[in-house]
Number of protein chains: 2
Amino acid sequence: MPNQQASPLDRVFHGLADPTRRAVLNRLSSGPAAVSELANPFPMSLPAFLQHLDVLEECGLVKSRKTGRVRTYQLTPKPLKAAEGWLEQQRSLWSRRLDQLDTYLSDLKEQKP
Amino acid sequence: MPNQQASPLDRVFHGLADPTRRAVLNRLSSGPAAVSELANPFPMSLPAFLQHLDVLEECGLVKSRKTGRVRTYQLTPKPLKAAEGWLEQQRSLWSRRLDQLDTYLSDLKEQKP
DNA sequence: CGTATAGTTAACCGTGTGCCTAACCAACAG
DNA sequence: CTGTTGGTTAGGCACACGGTTAACTATACG
């Protein structure tokens, strides 16, 4: 995936496709935190962890501000709403199909023991 | 991201982090379809497209069955529910924080013209 | 049979991702 | 000023990802 012009949705889902980053978001959901505080629970090196924070910031899921020598991160919920919107929209389409799939699925099950 | 033991959530989000794959899911939401029919709208080569289908199938978002020489793909909504569940859970945490963030955010805005 | 059609596999290639170590600022603390 | 703390930058490495072309298999058709 070239960095050139990936859609926001692409970037958000990619941002979410990593347990470290999701954990960061999760932790961040209970309030802003500094880099080292965020990095603390993770066994990786600090530069490696910083890359994750960069990814999160580039896809707009978090913002940061540096005061003194401490950089504080906080959430930005807008792009996540986009992701959720897409999912919800898809789910509604899917579930509308579920009844029709039902027969198909049970058919599949029987033919693939 | 090593393939070794990526969590289902990892794989689903990664599966969704590509416009081609999302488009496939979208198209698939209006009913099962064969490989070439799915591949038709996309400008890439068929093997490249097949890789996308493989990704979707490996993360459980779709299933396929081959009858004759035609492989038909169809949706599997379970893993998407997991993704949606995570998002919804996060959003609830986030929005609970939004009021507190509000002050913080407007503060940020003013300090970053 | 022979040939077209639908997928599949194999080999390769450029770029991105995720991690590391080491070196490097910048801001306090004393 | 000196040292420590909190981040950051640089460089490198292994591998996954997304794409290609070419060759191959297997079903359908006539």
Side-chain angles (χ1 to χ4, degrees), chain A residues 1-25 27-28 32-59 61-74 111-112, chain B residues 1-25 27-28 32-59 61-74:
Chain A
M1 181 189 311
N3 69 359
Q4 50 162 5
Q5 202 195 10
S7 95
L9 221 45
D10 292 6
R11 280 180 282 134
V12 170
F13 279 131
H14 173 250
L16 295 173
D18 184 287
T20 301
R21 292 195 286 265
R22 285 200 307 277
V24 167
L25 292 177
R27 185 182 187 97
L28 230 40
V35 170
S36 50
E37 182 188 343
L38 286 170
N40 193 40
F42 301 98
M44 71 187 66
S45 74
L46 215 133
F49 184 76
L50 270 202
Q51 282 190 345
H52 286 297
L53 289 181
D54 285 349
V55 170
L56 287 174
E57 191 157 23
E58 273 168 24
C59 69
L61 283 164
V62 304
K63 277 183 187 281
S64 72
R65 180 168 56 157
K66 195 168 186 178
T67 56
R69 58 181 167 174
V70 173
R71 179 172 296 274
T72 305
Y73 280 85
Q74 45 126 359
Q111 293 205 359
K112 197 183 174 187
Chain B
M1 180 190 311
N3 69 0
Q4 50 161 5
Q5 200 196 9
S7 94
L9 220 45
D10 291 7
R11 279 180 283 132
V12 171
F13 279 130
H14 173 250
L16 295 173
D18 184 287
T20 301
R21 291 195 286 265
R22 285 199 308 278
V24 167
L25 292 176
R27 186 181 186 97
L28 230 41
V35 170
S36 49
E37 183 187 343
L38 287 170
N40 194 39
F42 301 98
M44 69 187 66
S45 72
L46 215 132
F49 185 76
L50 270 202
Q51 282 188 347
H52 286 298
L53 289 181
D54 285 349
V55 169
L56 287 174
E57 190 157 24
E58 273 167 23
C59 69
L61 284 165
V62 303
K63 277 183 186 281
S64 72
R65 179 168 57 156
K66 195 168 185 177
T67 57
R69 59 180 167 174
V70 173
R71 180 172 294 274
T72 305
Y73 281 84
Q74 46 125 359

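Quick caveat: nothing in here was measured; it's all calculated off a predicted structure. Letters A, B, ... mirror the listed sequences (proteins, then strands); counts begin at 1.
Applying the side-chain contact (heavy atoms from CB on, under 4.5 Å) test to R27(A) and every residue at least two apart in sequence or in another chain returns E37(A), L38(A), P41(A). Under the side-chain contact (heavy atoms from CB on, under 4.5 Å) criterion, V55(B) pairs with H14(B), R21(B), sequence neighbours left out.
Distance CZ (R69(B)) to P (dC29(D)): 7 Å, rounded to an integer number of Å. Rounded to a whole Å, the CD atom of E58(B) is 12 Å from the P atom of dA16(D). In this structure, L16(A) atom CG and dT17(C) atom P are separated by 15 Å, rounded to whole Å. The distance from atom CZ of F13(B) to atom P of dT17(C) is 18 Å, rounded to the nearest whole Å. When rounded to the nearest whole Å, the span between NZ of K66(B) and P of dT27(D) equals 7 Å. Distance L46(A) CG to dA22(C) C1': 14 Å, rounded to the nearest Å. D54(B) has its CG atom 12 Å from the P atom of dC17(D), to the nearest Å. Spacing between atom CZ of F49(A) and atom P of dG6(D) amounts to 15 Å, rounded to whole angstrom units.
Nearer to the 5' terminus of DNA chain C, by closest-nucleotide assignment, is the contact made by P43(A) (compared with the other of P43(A) and G68(A)). Taking the nucleotide of DNA chain D with the nearest heavy atom to each of Q51(A) and R71(A), the more 5' of the two is matched to R71(A).
Proximity of S45(B) to the phosphate of dG19(D): no side-chain N or O atom is located under 4.0 Å from OP1 or OP2. For dG19(D), one of the phosphate oxygens OP1 or OP2 lies less than 4.0 angstrom from a side-chain nitrogen or oxygen of H52(B).
Considering every non-hydrogen atom in both F49(A) and V35(A), the closest pair reads CE2-O, 4.1 Å. Residues L56(B) and G15(B) come closest through the heavy atom pair CD2-O, 4.3 Å.
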Assess the residue pair R22(A) and F13(B) against the criterion (side chain to side chain contact (heavy atoms under 4.5 Å, CB included)); give the C-alpha distance rounded to whole Å, side-chain angles, the decisive distance to 0.1 Å, and a yes or no.
CA-CA 11 Å; R22(A) 285 200 307 277; F13(B) 279 130; 3.9 Å; yes

Working note: V62(A) + E57(A), criterion side chain to side chain contact (heavy atoms under 4.5 Å, CB included); need CA distance, chi angles, decisive distance, verdict.
CA-CA 5 Å; V62(A) 304; E57(A) 191 157 23; 4.1 Å; yes

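Here the side chain of V70(B) is nearest to one of dT8(D), dG18(C), dG7(C), namely dG7(C). Between dT9(D), dG18(C), dT8(C), one nucleotide has an atom nearer to the side chain of L50(A) than all others, and that is dT9(D). Closest to the side chain of M44(A), from the set dG7(C), dG19(D), dC19(C), is dC19(C).
In this structure the side chain of M44(B) reaches within 4.5 angstrom of the side chain of T20(B), judged on heavy atoms.
Near DNA chain C, meaning a heavy atom under 4.0 Å from it, residues 33-40 of chain A has no residue at all.
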